[in-house]
Amino acid sequence: MSAATSVSLAVADAVWAEIKSAGQASDEHLSILETLFGKNMLRACKIVDERGVRRVIGAPSGRSLFLVMGESKRKEEYLCFPEHLCTCYSFFYDVVGRGEQLSCKHQLAARLAEAVGEHQEIEVKDEELADMLAKL
């Protein structure tokens, strides 16, 4: 990871922490994130505005993952760990493969929705959560 990438991620982490602490994202926060993440941040905001983020929590463990809606007409849902992985094509192609993006829009939408409390929470048994993960 380059020094510039490390600095960008550190700045983003600080902004996410501020948003979570405030419970809302200011125009300044969103402007900084848009500078770091470009069009993916704008698309993430749209997904959050459309209530396209669900957090699935396993019981009794409390482990969780996010399901984030895509923007295509098919309205696919992607399994997402906001700081680590998304099952969308863009994550594997643009983030991992080419290294052109720091995060995909689904990861950003999950982080934003979690920080501002704009996601649905669904509780399932740990076995069901394990089944979801086994399909990766």
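Counting begins at 1 with the first residue of the sequence. The analysis underlying the following values was restricted to heavy atoms, covering all of them including side chains, and did not include hydrogens, waters or symmetry mates. Not measured: the values here are computed from a predicted model.
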Next on the checklist: Which heavy atom of L36 sits nearest to which heavy atom of L102, and what is that distance?
Outcome noted: O-CD1, 4.1 Å
Checklist entry - Do E114 and H119 get their side chains close enough for a donor-acceptor pair, meaning under 3.5 Å? => result no
Item to check | Electrostatic pair R54:E121 at N-O distance under 4.0 angstrom | outcome: no
Next on the checklist: So which atom in L112 and which in A25 form the shortest heavy-atom distance, rounded to 0.1 Å?
Outcome noted: CD1-CB, 4.2 Å
Checklist entry - Quick one: does H29's side chain have a donor or acceptor within less than 3.5 Å of a partner on S26's backbone? => result yes
Checklist entry - Do any N or O atoms from the side chain of E118 and from the backbone of A113 form a donor-acceptor pair under 3.5 angstrom? => result no
Checklist entry - Just by distance, do the side chain of Q107 and the backbone of C104 share a donor-acceptor pair under 3.5 Å? => result yes
Item to check | Closest heavy-atom pair and its distance - N40, S103 | outcome: ND2-O, 3.1 Å
Checklist entry - Any chance OH of Y93 has more than 12 other-residue heavy atoms, nucleotides or ligands included, within less than 6.0 Å? => result no
Next on the checklist: Please give me the minimum heavy-atom distance between D126 and S61, naming the atom from each residue.
Outcome noted: OD1-OG, 2.6 Å
Checklist entry - Run the side chain to side chain contact (heavy atoms under 4.5 Å, CB included) check on L42 and F37 step by step: do they pass? => result CA-CA 9 Å; L42 297 174; F37 299 109; over 6 Å; no
Checklist entry - For the residue pair L129 and R63, what are the closest heavy atoms and their distance? => result CD2-O, 3.5 Å
Next on the checklist: Salt bridge or not between K105 and E71? Use side-chain N to carboxylate O under 4.0 Å.
Outcome noted: yes
Checklist entry - Is the closest basic N to carboxylate O distance between E127 and K125 below 4.0 Å? => result no
Checklist outcome for this item: Of all heavy-atom pairs linking C86 and Y78, the shortest is SG-CB, 3.8 Å
Checklist entry - Going through the distances and angles, do F92 and L85 end up as a side chain to side chain contact (heavy atoms under 4.5 Å, CB included)? => result CA-CA 9 Å; F92 289 102; L85 172 89; 4.0 Å; yes
